[in-house]
A.B. asks: 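Input: one structure, supplied below.
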Amino acid sequence: MSGGDPAPVRLRWLASLSLITATILALLSLPADELPGPWLLAFTVPGAILGSWARLAHAPWRRALIALILQAGACYGALAWVGPMTRPAALACTILPPLAFTTTRNHDSDPSLALFLSFCVMLVGVILDGLHMRLLLAYGAMAFLSLHTTTLLHGFRHSNPQRKAAPMRATDTMATSLMMLSCMVAVFAIDRTLSCLPSPSRGESGASSSPEIDSSNRQVGLDDSFVLDGPGGVLSQLTGEQLVRASRPSGDIDSVPSNMYLRCGFFSVPGMDRWRIGELNLKPQVGDGVHDLRAALRSEPIEALSIERFSGAGKFVFLPPYSLRLQGLNELMVDPIREWIRPKNPNNDTYVVRYQNLPEPVRGMRTERRARQLGMTQVPRAMELEPFETLLQQWNVSREPMQAMAAIADGLAGHCSYSRREPTGPFQHTIENFLFAEGERHGYCMHFASAAALMLRMRGIPCRIGVGLYGGSVDKDDANARMFGSQHAHAWVEIPFEELGYVIYDPTPPDSRGRATALGSAGSNLPGAQSDLHSSVIEPTVRAISKAIATPWTWAIVLGVVLLLAMAPRRQPQPPAQAKAKIVAPKARRALQRLMRALAKAGHRRRHGQTLELFAQDLEVLGKPAVDVRTAFAAYQEVRFGGQEFDKARAGLMERGVRAAARIQRERDSSAG
Amino acid sequence: MATPNSSLELTPRGKVVLWLAGLAASAAWIGGDANARLAAAMLAAPVLIDFVAKQRRLHFTRVGVAARRTVAGATFLETVRIEHRGRRTLRGCQFYEPRSMRGDPPVLLPTLQPFVAQSVQMRQRSLVRSHVLERVFVIESQWPLGMFATRSVISADSDLITEPMRVPLTADVIEAASQAEMSPMDRSNLPGPEFQALREYLPEEDARGVHALRSASLGTLVRRVVRGGQPHTIGVVLDLRRPPGQARGRGLRRFEWSLGACATIVEAMRARESTVRILMIDAEPESIEVRSAAQLVDLLTSLSEASLSMHKNLRPDLLADLEGLQHCYWIPAGGFSRAPEMGMLKGDITMIEDERE
């Protein structure tokens with residue numbers, strides 16, 4: 001960036017601006033709660049100062065000393081202000097000083113290094129704080145722009161520009177924008193293509209062969225880093241913005257409640273980091289499509305719900321609480337005691353489930369004894385009970401189920417906060433970090449449910465974790481129906497009470513339930529009234545395109561085709577057609593041919609390549625007839641090169657030339673005779 | 001006119017990014033980690049886009065350059081006409097001639113529109129004495145993301161004559177011919193050259209030419225300029241033969257210096273309106289007479305094409321043209337400084353050799 005830099009000023013500005021923006025975006029991706037602002041400033045400002053302090057460039061020892069002093073002072077200030085930071089954040093901070101230094105110095109090879117460091121910071125941010133798609137897109141665009149401008153600057157600095165660079169035109173801007181867009185699409189395409197590769201670390205669950213399972217991890221549903229039964233768990237298989245549509249069967253005018261729980265699975269075997277489904281006693285239930293789950297309580301009304309499933313939801317059966325009867329599904333695998341139901345073969349058949357809205361259990365109501373035999377009071381072996389017990393005592397949790405449920409819910413609400421980030425802290429296990437970490441303790445529904453279930457079990461209350469969908473959004477086609485997507489995936493606790501069965505107990509703060517975000521999920525809240533065109537043409541098309549986009553092989557094929565097209569040999573184009581010479585009037589050409597033939601008969605043949613002028617000079621020895629011939633040639637050339645019309649006068653002159661040639665022939669014949 | 005294709009190779013930046021992308025992809029494959037996959041995708045995307053958007057049709061470019069005559073080592077400004085005959089506009093291309101731009105940066109062509117000729121001026125320097133009929137240019141580009149570099153070699157028919165580099169010769173060598181003057185009968189009775197003017201004395205000139213009185217009065221050395229002391233015809237024998245038994249590849253520096261000395265002496269003689277009769281002893285000995293500027297150009301062209309030749313005895317009749325001359329220069333360019341043919345010349349002979357040898 002010296003004064004003698006041959007690169008255009010605008011290009012230099014654009015390069016600096018894109019690089020700085022990319023760096024800032026990378027820094028923004030770091031979690032603010034793990035890496036507070038003072039720490040961020042402490043690790044970036046000294047480097048930025050040194051990078052922009054050009055005078056120190058020639059005094060490396062002085063620069064190192066100043067860097068040391070500034071860095072130590074900044075770290076001390078940050079430590080005094082906000083206290084220590086977490087270990088992963090400290091690891092990320094090691095990259096920040098060189099990043100700030102290279103970004104602000106911006107020497108010849110600095111942008112490449114700064115881009116790489118910012119990329120590392122961005123990745124650390126994704127690992128620590130999850131994927132923020134908008135941030136990632138913005139970073140990608142800026143990084144590619146920076147790469148492009150750096151390449152252009154390299155060209156200017158290592159060559160001799162011929163003239164002042166032309167101002168950037170609209171086509172150049174468009175080409176650059178198109179390239180940035182292509183880069184973003186390429187990122188997505190490569191990501192999808194790589195997901196096709198059968199990874200050796202994926203189990204035999206068929207996750208590798210199912211693109212929907214694999215693709216779900218980072219984009220939809222719950223955070224992929226917390227899994228209940230290993231990679232490819234239940235919730236991670238729920239992919240898509242539209243999984244389940246719950247509506248009332250025809251004739252029923254009630255709308256589906258907005259606080260509807262739809263269970264598709266549960267976990268009984270506890271763990272500090274991971275829960276497991278546990279033992280199941282599955283039996284095939286083959287019948288006429290009607291499956292009775294339990295007997296109804298006569299005092300409460302029976303309601304019905306029609307469940308329609310899409311794409312990835314076909315392998316699950318979604319049931320509301322207190323389900324009684326299932327109609328419309330065949331070949332189910334059922335564990336009647338644990339209320340586990342799955343279709344033998346995935347299908348998207350619509351079914352009707354009848355259920356009751358039972359009142360909440362009251363104090364003194366007893367839990368099922370059988371639940372203890374099913375292992376629903378076990379706690380993990382690795383669990384240190386003492387800190388949990390302290391919390392339970394602190395929250396006054398008794399052994400009475402209702403009191404314990406209320407006390408734990410209140411305690412968790414006050415003790416922890418909801419955040420869609422993995423709990424962080426010094427402890428070995430996730431749940432311990434969620435409950436006992438210093439400072440902010442955060443987690444999402446899985447952690448709330450897991451903590452509550454463990455605490456309930458410590459008080460001897462049997463329970464398990466139920467997973468499925470919660471809430472949903474109003475269906476755009478039917479205001480009474482609700483549409484559930486992976487963004488509504490949720491986890492809660494289920495306590496088996498006598499007579500009532502599994503009662504849902506949700507310790508997650510009410511306003512945070514089912515709050516997982518999906519890409520473009522805003523579209524699911526569109527108003528219901530849509531035109532016929534939308535439902536008949538656009539919607540299926542959009543669905544088909546979405547399905548194609550969601551398939552990794554599509555992207556692999558697209559990538560292959562693009563590469564083949566890029567490498568395909570091409571023929572050199574022909575130069576643009578020159579302005580063709582005007583075609584001579586055919587009559588004039590024929591007249592000239594006649595004249596030439598007549599002259600040839602007279603013994604005067606034009607030599608190859610001889611011009612008409614030279615030929616006329618050769619004929620001058622003939623005297624008077626030669627004048628007529630030369631006049632005829634001139635008439636022809638007026639038409640040929642002068643753009644004149646071959647009118648009657650010129651035709652007459654040409655005819656006189658032919659007659660003159662005939663005269664020459666006669667004279668020749670007579671002289672020969 | 002052009003190479004059939006453009007070569008494509010990874011730049012250092014591309015290699016690093018591709019390695020990192022490969023590592024990340026391996027990690028994503030082995031670990032099944034989505035973050036590693038994302039990292040691999042973000043690293044591989046610029047490589048992919050650069051590969052797809054790369055300008056592969058650089059060899060569709062045509063180059064036109066006029067004939068040029070220069071002296072070895074001298075800088076000149078060459079005007080080159082470039083026309084791209086592909087479909088798409090070329091961007092960010094660097095253009096250079098490796099032979100004549102060894103230390104100079106290439107020329108940047110920000111855009112090269114298809115079928116629109118563009119003239120560029122390049123600062124060049126031909127270091128090696130030669131006569132080439134085809135000039136080779138290189139056009140390369142790293143646009144758009146600098147992960148790959150495309151390069152194409154383009155040749156153009158041209159006539160580039162690089163004359164031998166002129167060498168400084170001592171004044172006594174140049175003035176040697178003057179000493180052999182024979183006074184014409186129509187001049188004054190006194191022998192020797194006639195006084196014409198005074199001029200500043202230059203170092204390395206013969207100190208006997210200094211005008212003592214005028215130098216003393218002016219306070220600086222001035223010398224006499226005389227006219228009429230130059231023989232009309234001067235002979236130069238340029239012996240390109242190696243000495244018997246000398247291995248190939250030796251004596252090249254002396255050879256180049258000798259050719260430069262020949263060019264220098266001939267030009268100096270021509271500046272004094274003398275006719276120079278040159279015998280170039282090559283595989284096929286050739287006698288050249290230089291009495292006009294055109295003939296001087298022909299001689300310099302021959303010198304630019306000259307090369308060392310095998311030793312071979314000279315036929316006595318070849319020296320017949322030089323026998324009547326008062327003074328001859330003998331330049332043993334091939335290193336054969338004891339040629340017996342020297343004795344066949346009757347006039348004075350001045351041997352010109354590189355003193356550094």
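Throughout, a chain's letter reflects where its sequence line sits, starting with A, and its residues are numbered from 1.
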A.B. asks: Is there a side-chain contact between B:Trp143 and A:Thr151 in this structure, where contact means two heavy atoms from C-beta onward sitting under 4.5 Å apart?
C.D. replies: no
A.B. asks: Counting only non-hydrogen atoms closer than 4.5 Å, does A:Leu147 touch chain B with its backbone (N, CA, C, O), its side chain (CB onward), both, or neither?
C.D. replies: both
A.B. asks: Mind checking what makes side chain to side chain contact (heavy atoms under 4.5 Å, CB included) contact with B:Asp298, not counting sequence neighbours?
C.D. replies: none
A.B. asks: Report, one line per pair, each donor and acceptor closer than 3.5 Å where one atom sits in a side chain of residues 109-116 of chain B; sequence neighbours left out.
C.D. replies:
residue  : atom : partner : partner atom : Å
B:Gln113 : OE1  : B:Thr89 : OG1          : 3.3

A.B. asks: So which of A:Gly140, A:Ala175, A:Ala143, A:Cys183 has the largest heavy-atom pair count under 4.5 angstrom toward chain B?
C.D. replies: A:Cys183
A.B. asks: Between A:His148 and B:Leu145 (side chain of the first, backbone of the second, donor and acceptor by atom type, cut-off under 3.5 Å), is there such a pair?
C.D. replies: no
A.B. asks: For B:Arg125, does the CZ atom sit with more than 12 other heavy atoms under 6.0 Å from it, leaving out its own atoms?
C.D. replies: no
A.B. asks: Can you tell me which portion of B:Arg123 sits under 4.5 Å from chain A's heavy atoms? Options are side chain, backbone, both or neither.
C.D. replies: neither
A.B. asks: For the residue pair A:Leu194 and B:Ala40, what are the closest heavy atoms and their distance?
C.D. replies: CD1-CB, 3.7 Å
A.B. asks: Do you know which of B:Thr11, B:Val17, B:Leu43 has the most heavy-atom pairs with chain A at a distance under 4.5 angstrom?
C.D. replies: B:Leu43
A.B. asks: Looking at every non-hydrogen atom in both residues, tell me the closest pair between A:Ser159 and B:Val107 and how far apart they are.
C.D. replies: CB-C, 4.3 Å
A.B. asks: Quick check: are there more than 12 heavy atoms from other residues, nucleotides or ligands sitting under 6.0 Å from CZ of B:Phe255?
C.D. replies: yes
A.B. asks: Below 4.5 Å from any heavy atom of chain A, which atoms of B:Arg56 appear? Answer side chain, backbone, both or neither.
C.D. replies: side chain
A.B. asks: Under 4.5 Å, counting heavy-atom pairs only, tell me which of B:Ala25, B:Ala21, B:Pro144 racks up the most with chain A.
C.D. replies: B:Pro144
A.B. asks: Measure A:Ser182 against the heavy atoms of chain B and call it side chain, backbone, both or neither at under 4.5 Å.
C.D. replies: both
A.B. asks: Taking all atoms of both residues into account, what is the closest heavy-atom pair of B:Ala39 and A:Phe119, and its distance?
C.D. replies: O-CZ, 3.6 Å
A.B. asks: Quick check for you: among A:Ser112, A:Ala189, A:Ala566, which has the greatest number of heavy-atom pairs under 4.5 Å with chain B?
C.D. replies: A:Ala566
A.B. asks: Can you tell me how far CG of B:Leu48 sits from CD1 of A:Ile190, rounded to the nearest 0.5 angstrom?
C.D. replies: 5.0 Å
A.B. asks: Is B:Leu8 in contact with chain A via its backbone, its side chain, both, or neither, using a 4.5 Å heavy-atom distance?
C.D. replies: neither
A.B. asks: Show the numbers, then the answer: is there a side-chain hydrogen bond (donor to acceptor under 3.5 Å, both in side chains) between B:Arg13 and A:Thr150?
C.D. replies: CA-CA 12 Å; B:Arg13 178 197 284 181; A:Thr150 306; 4.9 Å; no
A.B. asks: Do B:Leu108 and A:Phe156 come close enough that some side-chain heavy atom pair is under 4.5 Å?
C.D. replies: yes
A.B. asks: Nearest 0.5 angstrom please: B:Ile49 CD1 to A:Leu178 CG, how far?
C.D. replies: 9.0 Å
A.B. asks: Considering only heavy atoms from C-beta outward, does the side chain of B:Met42 approach that of A:Leu136 to under 4.5 Å?
C.D. replies: yes
A.B. asks: If I compare all heavy atoms of B:Val52 with all of A:Val562, which pair ends up nearest, and what's the gap?
C.D. replies: CG2-CG1, 3.6 Å
A.B. asks: Taking all atoms of both residues into account, what is the closest heavy-atom pair of B:Gln94 and A:His154, and its distance?
C.D. replies: NE2-O, 4.5 Å
A.B. asks: So what's closer than 4.5 Å to chain B heavy atoms on A:Leu565: side chain, backbone, both or neither?
C.D. replies: neither
